[in-house]
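One structure below.
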Amino acid sequence: PKLNLNRFAPAMLTCAVDIAVIVAFIAVCVIASPDVVTSDVVVYGANAAGVVTAVAAARHGAHVTLLCQAWPDCWAPSRRVGGLTTGGLGTTDSCRQSADEPFDLCQLAITGGLAEEFYSRSAAHYGCHNCTAASGCQGCNATLADRQMPYNVEPSVALSVLTTMIAAEAPNLQVYYETQVATVDKNGSRITTITMDDGQSFAGSVFVDSSYEGDLFARAGVEFTVGRESPKQYNESLNGRLLGEPRNANNFRGVVNPHGDDGKPLPGIMADQDAVANAGVPGQADRHVQAYNFRLCVTQQPDNMIPFPKPAEYHPEDFELLARTCAALGCTAPSCNTQPIPNFKFDNNNCGPVSTDLVTADYTNASWRNLTSWRYPEADYDTRREIWRVHQMWQQGVLWTLGHDERIPESVRSEMAGWGLCKDEFTESDGWPPTMYVREARRMVGERVLTQADVREGGTADIGNASLGLAAHAEDSHNNQRLACRNSTTPPCYGDKPNSASTSTAYAWNEGDFHSVESGHVYQLPAFLVLPKEDQASNLLVSVAPSASHIAFSTFRMEPAYMVLGHSVGVWAALAATSIKGAVREVSLTTLHQALEKDGQVLRIPAYIPPAGPPHNHSGRGYSCTNGFNRCLAVSNCKGSCSNTSYCANVCSSLEPQQWLALNGANGGFQMVKAPSGPALKALSSKSYLKKSEDHSSVLPDSMKRLVAEGSLIPIFETAPPMHDGYFLVTLKNL
């Protein structure tokens with residue numbers, strides 16, 4: 001990659017906006033650094049939430065400093081705001097995506113204010129308008145079904161929208177790049193000045209920590225936690241070290257031998273001695289953090305494709321477990337969770353037992369063991385850069401292995417040859433995003449902590465003026481560790497095993513992942529979520545790593561929710577800074593509530609929220625296949641599971657084909673619909689579309705017709721009776 005990974009000479013950078021080029025970026029000029037930059041509100045962290053916070057505060061009359069601190073995003077040559085929203089996460093998780101709802105209309109119903117403005121501006125880029133919770137968006141000219149907008153966005157479009165919003169607030173809003181907090185000065189509990197590691201200082205009446213890591217509040221002496229609490233601490237069923245968790249869609253559904261010829265665990269699995277020391281016992285609290293990866297923007301369009309690069313450090317033995325998993329359980333290129341975004345691009349995410357997430361384990365390079373998500377939250381800045389590099393090498397290694405290693409089935413390698421990074425995204429780094437997906441790091445501990453009960457029961461009683469907005473997503477966390485189980489009766493696996501494993505069989509096992517089917521309720525975001533304990537920091541608000549347990553945070557940690565809370569925090573900060581000298585607790589919640597309502601923020605749960613079925617990324621409640629596009633819903637009693645390369649109709653041999661429904665998201669976003677009788681539907685690979693020339697496009701939505709007309713998609717329908725509101729089924733063809 002072209003990214004310069006070295007430190008740069010200290011410089012204070014402010015935005016000098018050139019409207020002619022604002023579509024792509026905010027131009028910056030270097031000016032002499034004053035000793036202290038003073039403003040009303042200082043926002044630390046320029047991810048999407050931080051940008052929204054800064055814009056909201058500026059619109060409410062505050063002079064705002066926005067500090068872009070993430071590395072390498074905020075360093076030359078990227079100097080990129082937006083975090084994950086502009087860094088590859090093109091299909092953000094939202095509200096209650098379901099089996100029979102291709103666009104999550106629920107999210108439209110609960111998103112307001114600047115978050116809604118961001119998504120509306122993004123949708124407008126694709127010609128979408130009149131986006132409502134009743135009918136989705138109209139008139140979209142993108143290469144997706146209309147109702148999937150506006151939450152599927154190209155990274156470059158998201159960046160353009162956020163930079164335009166920033167530019168509109170100049171000169172009251174200034175952005176400083178290459179800033180990482182080193183020290184915090186306080187007068188009693190009041191923060192006065194924060195100083196960066198290059199010596200630049202910033203003073204303000206109110207400070208906001210919008211970073212994914214919580215570095216500002218940690219250096220300010222605010223209490224925080226890392227990892228998982230005990231289930232007993234907040235009476236939460238999913239917290240702590242898990243046992244018997246049935247909803248881990250990213251686990252080994254069959255037996256994969258975890259040991260090498262020497263009898264030791266393979267690279268990528270925790271060594272025996274480490275497992276004894278660190279794996280924990282069921283229900284135990286720990287400091288383990290869910291795995292990270294990069295959300296890649298990928299394509300199959302040859303004229304816009306960069307082949308996946310071979311990593312700078314590549315050890316084939318690190319991917320023996322991946323090869324064995326492919327042989328035993330199947331694998332999908334480039335991932336079984338590669339979801340479409342506009343203009344023939346896809347958001348490539350982790351999926352399956354061995355994938356792009358770097359799960360804490362032991363690898364050929366022993367240093368990698370200490371350079372994973374467990375280490376990241378409290379690591380110093382130099383160590384975090386090494387962690388970034390290791391994650392990049394791991395993910396590049398996974399993709400390189402799938403495309404070139406002869407241990408991988410030829411069909412998968414051939415499929416991988418047709419995939420690559422997008423040439424027109426992240427052009428300064430050869431298509432590789434600068435943003436590592438820090439799914440969870442520190443979490444503040446305030447006077448009150450949001451818990452599992454709050455998010456599951458949050459819709460039962462309105463909290464009135466204490467509401468800062470709405471959120472809704474399933475309880476959702478990724479794997480923490482990968483273990484070698486010598487049998488199913490002793491540590492470190494304590495009986496967790498694939499169904500096919502006998503009590504004496506050795507097998508690989510992941511721990512920590514869950515996607516809860518009981519959750520997904522809409523709930524209000526309470527004011528206590530963003531407040532540190534008053535004696536620790538009386539003029540600080542926290543929007544991205546707030547006061548929440550591991551379980552509650554797992555529902556909140558989605559970019560739309562970050563932006564919703566960021567808007568409310570920005571208005572709160574402006575009111576405190578401009579009227580009561582920064583004392584955030586003295587702001588009347590009634591006054592805040594009224595200001596937010598004028599901004600269009602949705603603060604109370606709507607009387608009507610579009611209905612949704614159970615979340616689709618899990619096993620349970622009838623779901624038996626959870627591998628990305630090959631997800632299936634059995635309408636009879638089947639509890640099996642399918643491999644990445646098998647068709648879902650083969651999961652249960654006792655089922656007739658007509659009993660299966662499935663989807664194919666790769667080339668048109670087919671979605672599952674519940675139909676107990678009628679034609680069978682089979683998940684089809686992209687190659688399968690090209691095997692037939694039949695065109696039954698008369699039953700297709702307009703967006704699908706465009707794909708057929710352009711020659712990008714040739715459906716293989718025998719019959720395709722239209723169903724309600726544009727949904728359709730296709731009959732099973734003999735491939």
Side-chain angles (χ1 to χ4, degrees), residues 93 97 227-229 231 236-254 256 258 268-270 275 278-280 282-284 286-293 295 321-322 325 329 331 335-337 349-361 372-374 394 398 437-440 452 473-485 492-499 507-520 549-558 614-621 623-628 631 641 643-644:
D93 292 306
Q97 294 164 324
R228 303 182 285 190
E229 297 92 351
E236 297 175 309
S237 61
L238 291 177
N239 221 332
R241 207 285 204 183
L242 298 178
L243 175 68
E245 175 48 52
R247 308 175 190 93
N248 188 339
N250 296 307
N251 217 329
F252 295 87
R253 296 301 181 185
V256 176
I269 300 176
M270 199 176 292
N278 297 308
Q284 177 180 315
D286 56 37
R287 297 182 70 79
H288 300 176
V289 176
Q290 60 180 304
Y292 303 160
N293 70 341
R295 295 289 286 263
L321 182 64
L322 173 62
T325 302
L329 306 178
C331 53
S335 157
C336 51
N337 191 3
N349 193 12
N350 179 82
C351 183
V354 183
S355 186
T356 57
D357 279 2
L358 180 60
V359 179
T360 298
T372 61
S373 58
W374 290 12
W394 166 259
V398 168
Y437 195 172
V438 178
R439 292 185 169 94
E440 186 173 5
Q452 179 176 306
H473 189 72
E475 295 152 355
D476 182 359
S477 188
H478 285 233
N479 282 308
N480 290 60
Q481 55 191 341
R482 183 172 294 128
L483 307 170
C485 307
C493 297
Y494 298 97
D496 273 343
K497 67 181 182 66
N499 291 335
Y507 55 91
W509 193 251
N510 293 332
E511 187 274 324
D513 186 290
F514 58 80
H515 192 108
S516 174
V517 300
E518 288 87 4
S519 60
S549 72
H550 168 61
I551 301 303
F553 184 79
S554 76
T555 79
F556 166 73
R557 63 174 188 85
M558 311 302 159
H616 60 223
N617 288 330
H618 63 76
S619 295
R621 288 196 179 181
Y623 286 86
S624 58
C625 178
T626 57
N627 293 302
R631 302 188 191 103
S641 174
S643 67
N644 298 349

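Treat the numbers as computed from the prediction; the structure is a model and nothing was measured.
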Relative to F553, does R557 satisfy both conditions: NZ or CZ under 6.0 angstrom from the six-membered ring centre, and within 45 degrees of the ring's axis? no
By ring-ring contact (aromatic ring centres under 6.0 Å, His included), which residues pair with W394, not counting sequence neighbours? F319, Y363
Exercise: identify the closest heavy-atom pair between C336 and G352: SG-N, 4.1 Å
Measure the CE-CG distance between M270 and N278 for me, rounded to the nearest 0.5 Å. 6.0 Å
Side chain to side chain contact (heavy atoms under 4.5 Å, CB included), that's the test. Do E475 and L238 meet it? Break it down for me. CA-CA 9 Å; E475 295 152 355; L238 291 177; 3.3 Å; yes
Could you go step by step and tell me if T555 and D476 meet the side chain to side chain contact (heavy atoms under 4.5 Å, CB included) rule? CA-CA 6 Å; T555 79; D476 182 359; over 6 Å; no
Correct closest heavy-atom pair for T325 and P353 would be CG2-CG, 3.6 Å
Taken in chain and number order and not counting sequence neighbours, the residues that satisfy side chain to side chain contact (heavy atoms under 4.5 Å, CB included) with A484 are P258, H259, P265, I269
Of Q452, Q290, E236, E440, which is the lone residue that meets side chain to side chain donor-acceptor pair (under 3.5 Å) with H550? E440
Heavy atoms of C351 and S335 approach each other most closely as CB-OG, 3.6 Å
For N350 and T356, indicate whether the former's side chain and the latter's backbone hold a donor-acceptor pair under 3.5 Å. yes
Over all atoms of both residues, closest heavy-atom pair of A275 and L483: CB-CD2, 4.3 Å
Which heavy atom of V359 sits nearest a heavy atom of N479, and at what distance? CG2-CB, 4.3 Å
Show the nearest heavy-atom pair for residues L242 and R228, with the distance to one decimal. N-NH1, 4.3 Å
With the side chain counted from C-beta on, respond yes when Q481 and R241 share a heavy-atom pair under 4.5 Å apart, and no when they do not. yes
Sorted by chain and residue number, the side chain to side chain contact (heavy atoms under 4.5 Å, CB included) partners of A552 (sequence neighbours excluded) come out as L450, V455, A548, S549
Within the 3.5 Å criterion, strictly below it, is a donor on T372 or T360 matched to an acceptor on the partner's side chain? yes
Using the side-chain hydrogen bond (donor to acceptor under 3.5 Å, both in side chains) rule, take E511 and N480 through it: C-alpha gap first, then chi angles, then the decisive distance, then the call. CA-CA 6 Å; E511 187 274 324; N480 290 60; 5.6 Å; no
Kindly compute the distance separating SG (C493) from CG (L243), expressed to the nearest 0.5 Å. 10.0 Å
When you look at N293 and L358, which way does the side chain to side chain contact (heavy atoms under 4.5 Å, CB included) test go after all the steps? CA-CA 6 Å; N293 70 341; L358 180 60; over 6 Å; no
Look at D357 together with R439 and state whether they make a salt bridge at an N to O cut-off of under 4.0 Å. yes
Mind checking side chain to side chain contact (heavy atoms under 4.5 Å, CB included) for N251 and listing every partner two or more places apart, or none if nothing turns up? N248, W509, N510
Can you list the residues that meet the ring-ring contact (aromatic ring centres under 6.0 Å, His included) rule with H288, with sequence neighbours excluded? W374
Do N250 and D513 have a side chain donor and acceptor closer than 3.5 Å? yes
Residue set satisfying ring-ring contact (aromatic ring centres under 6.0 Å, His included) with Y494, at least two apart, ordered chain then number -> none
